[in-house]
Amino acid sequence: MESLDKDDPFGLNEEIKMLIFKCIDCGEEDEVPEYVVEEFHFDLEENEEVEVVCPFCNGTICRARNIPSE
């Protein structure tokens, strides 16, 4: 077991990148792990965005953007 802790062959010690999602209904923000978002991309069309259920109001949350669209 000691060698598993040092080598981390399964990537268990990797930092999980979080993405900010914002609800379009209530405005609350929530963090979603990037690997979860990547799983949703398989079912989307080319320009379609990932949307998930808001944990605060059951509305729709989508990825918050740093640069507002023009």
Side-chain angles (χ1 to χ4, degrees):
M1 276 312 266
E2 202 171 295
S3 66
L4 286 178
D5 291 337
K6 291 179 184 176
D7 295 336
D8 192 27
F10 302 110
L12 300 176
N13 293 327
E14 286 183 17
E15 186 176 327
I16 297 173
K17 184 175 179 184
M18 302 298 278
L19 302 174
I20 304 295
F21 275 64
K22 187 170 185 174
C23 180
I24 58 175
D25 297 315
C26 71
E28 290 285 340
E29 292 185 352
D30 195 25
E31 293 183 335
V32 179
E34 182 179 45
Y35 69 88
V36 173
V37 175
E38 289 174 355
E39 291 294 321
F40 283 108
H41 278 286
F42 291 110
D43 295 330
L44 298 178
E45 297 296 323
E46 187 175 323
N47 293 323
E48 204 173 6
E49 290 286 328
V50 172
E51 295 179 350
V52 292
V53 175
C54 176
F56 304 102
C57 74
N58 290 325
T60 302
I61 60 174
C62 53
R63 188 164 178 195
R65 301 287 181 196
N66 292 334
I67 303 170
S69 55
E70 297 180 46

Practice prompt. Search all heavy atoms of I24 against all heavy atoms of C62 and return the closest pair with its distance.
Written response: CG2-SG, 3.8 Å

Response to the item:
Residues C54 and I61: closest non-hydrogen pair is CB-CG2, 3.5 Å

Worksheet item: Closest heavy-atom contact between K22 and G27?
Response: CE-O, 3.4 Å

Worksheet item: What's the shortest heavy-atom distance between V37 and L19, and which atoms?
Response: CG2-CD1, 3.9 Å

Discussion item. Restricting to non-hydrogen atoms, name the atom on F56 and the atom on E28 that form the minimum distance, rounded to 0.1 Å.
Written reply: CD1-CB, 3.4 Å

Response to the item:
When rounded to the nearest 0.5 Å, the distance separating CD1 of I20 from CD of E31 is 4.0 Å

Fill in: Residue of the set M18, K17, E39 for which side-chain contact (heavy atoms from CB on, under 4.5 Å) holds with E34
K17

Discussion item. Can you confirm whether F21 sits close enough to V50 that some side-chain heavy atom of one is under 4.5 Å from a side-chain heavy atom of the other?
Written reply: yes

